[in-house]
Novice: 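Sharing a structure here in structure tokens format.
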Amino acid sequence: MKYNRSFNFSAGPAMMPEPVLEEIRDEMMNYRGTGMCVMEMSHRDKAFMQIAEEAEADLRKLMGIPDNYKVLFVQGGGTVQFAMVPINLMKNGKACYVETGVWSKKAIAEAKKYGEVQVIASSADKGFSYIPDCSDLDIPEDCDYVYICENETINGTTWNKLPNTKGHVLVADQSSMFLSRPCDVSKYGLIWAGVQKNVGPAGMAVVIIREDLLRDDLDPKAPVYMSYKTHADNDSMYNTPNCWAIYCCGKVFKYLLSIGGLEAMEQRNIAKAKVIYDFLDSSKLFKGSVEPADRSLMNIPFVTGDKDLDAEVVAATKAAGFDNLKGHRSVGGLRASVYNAMPIEGAEALVEFLKAFEASH
Ligand SMILES: *Cc1c(COP(=O)(O)O)cnc(C)c1O
């Protein structure tokens with residue numbers, strides 16, 4: 001492999017497209033004749049303003065974001081959004097959450113600090129190995145929004161059909177599947193995604209919010225930074241933004257447009273995940289942990305059923321140059337995260353390795 005880079009199966013921060021890293025390298029010492037690196041530049045500099053404007057415009061093109069939605073670049077990664085969503089969207093102080101795994105549980109725990117949270121569906125009964133049927137749920141009239149984690153990074157489930165919110169605002173945490181497939185933004189009130197899973201460096205979230213959900217009547221004690229309106233009114237530059245993350249994400253947006261957009265990306269992701277799922281379905285040693293219909297294209301947890309053997313596989317993969325295959329500490333086993341930037345060759349090489357491991361055990 002060029003550069004001797006590893007196949008990195010990390011759940012995040014994760015692999016970046018190589019052409020993007022090469023461009024960043026080439027612009028490192030002198031960004032397009034400015035005489036400085038982007039990380040040395042004022043965020044009010046014309047060159048940086050252009051980077052930020054293009055990043056937003058390219059993301060809008062990529063996702064087909066309607067004009068009545070704002071795109072915000074907010075610091076604090078994903079975790080800050082767990083609080084920002086209820087602080088901004090709980091008008092009646094009541095929200096409905098679907099509990100599908102570790103990240104929706106974190107969102108629920110945080111939202112409870114700000115109002116009444118009703119868990120309207122859960123897959124806890126089977127260890128979060130599936131997405132519950134949400135076609136006809138009881139949703140109170142005065143509920144402010146319905147919240148889902150659209151891809152549970154740790155548990156390995158994904159929503160292939162959005163819940164029926166019965167007219168209520170849908171909020172989705174798309175962190176670990178952002179830009180992995182086409183998305184009809186108009187079905188959501190708010191989408192947010194921490195970018196270090198599928199797009200760029202850690203420390204920032206992209207927020208896509210319908211304009212009518214922006215409010216200036218928040219609790220006066222809410223920090224100014226925690227108001228979506230602060231960011232919307234200031235083009236995400238109320239304070240110094242995460243300039244570096246905006247720059248890198250902007251390059252990934254351009255890269256995705258160059259390869260044919262999200263339809264093309266989805267086809268690649270389907271083909272890549274299939275390599276691993278087909279192997280798991282045929283293996284006698286390894287087993288996928290998720291209901292086939294709800295399997296994630298991005299995060300693939302699997303087990304041997306024997307903890308010690310799981311640990312042995314993880315160590316063997318590491319020694320063979322496959323990084324970060326250990327499952328999350330809360331669920332154990334193994335997990336292959338195969339985000340947009342993981343080439344299909346990585347999935348194929350991993351499967352060859354696991355086949356050989358199985359043959360020798
Ligand atoms: C990683 C992740 C988060 C948290 O992101 P941080 O930037 O580490 O706070 C939230 N939700 C999902 C689905 C994630 O994968």
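Order of listing sets the numbers, starting from 1, for every ligand and every atom in it.
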Novice: I want to check a possible cation-pi pair here: Lys197 against Trp103, using under 6.0 Å from ring centre and within 45° of the ring axis as the test.
Specialist: yes
Novice: Could you identify the single nearest non-hydrogen protein atom to atom 1 (C) of ligand 1 and state the distance to 0.1 Å?
Specialist: Lys197 NZ, 1.4 Å
Novice: Within the structure provided, determine whether Met226 and Val80 are in side-chain contact (heavy-atom separation under 4.5 Å).
Specialist: yes
Novice: Could you tell me how the ring of Phe302 sits relative to the ring of Phe286: parallel (under 30°), tilted (30 to 60°) or perpendicular (over 60°)?
Specialist: perpendicular
Novice: Numbering the atoms of ligand 1 from 1, which are under 4.0 Å from a heavy atom of Gly77?
Specialist: 7 (O)
Novice: Please walk me through it: do Val290 and Ser296 pass side-chain contact (heavy atoms from CB on, under 4.5 Å)?
Specialist: CA-CA 9 Å; Val290 171; Ser296 168; over 6 Å; no
Novice: Residues two or more places apart in sequence or in another chain: which of them pass side chain to side chain donor-acceptor pair (under 3.5 Å) with Asp184?
Specialist: Ser186
Novice: Among all protein heavy atoms in this structure, tell me which lies nearest to atom 8 (O) of ligand 1, with the distance rounded to 0.1 Å.
Specialist: Gln196 NE2, 3.4 Å
Novice: Can you check whether Trp192 has an N/O within less than 3.5 Å of an N/O in ligand 1?
Specialist: no
Novice: Against heavy atoms of Thr153, which atoms of ligand 1 measure under 4.0 Å?
Specialist: 12 (C), 13 (C), 14 (C), 15 (O)
Novice: side-chain contact (heavy atoms from CB on, under 4.5 Å) between Met90 and Val85: does it pass, once the steps are laid out?
Specialist: CA-CA 8 Å; Met90 274 188 178; Val85 166; over 6 Å; no
Novice: For atom 9 (O) of ligand 1, grab the closest protein heavy atom and report residue, atom and distance to one decimal in Å.
Specialist: Thr79 OG1, 2.6 Å
Novice: Return the minimal non-hydrogen interatomic distance between Asn198 and Leu179, and the atom names on each side.
Specialist: ND2-C, 4.4 Å
Novice: Quick one: does Cys149 get within less than 4.0 Å of ligand 1, heavy atoms only?
Specialist: yes
Novice: Give the C-alpha distance, both sets of side-chain angles, the deciding distance and a yes or no for ring pair (Phe, Tyr, Trp, His ring centres under 6.0 Å) between His231 and Tyr225.
Specialist: CA-CA 8 Å; His231 300 276; Tyr225 197 84; 4.5 Å; yes
Novice: Less than 4.0 Å is my threshold; does some heavy atom of Asn151 fall inside it relative to ligand 1?
Specialist: yes
Novice: Below 4.0 angstrom from a heavy atom of Phe82, which ligand 1 atoms are there? Numbered from 1 as shown, please.
Specialist: 10 (C)
Novice: Name the closest protein heavy atom to atom 12 (C) of ligand 1, giving the residue it belongs to and the distance to 0.1 Å.
Specialist: Asp173 OD2, 3.3 Å
Novice: Does Gly194 have a non-hydrogen atom less than 4.0 Å from ligand 1?
Specialist: no
Novice: Taking distance alone, with no angle check, do Gly78 and ligand 1 share an N/O pair under 3.5 Å?
Specialist: yes
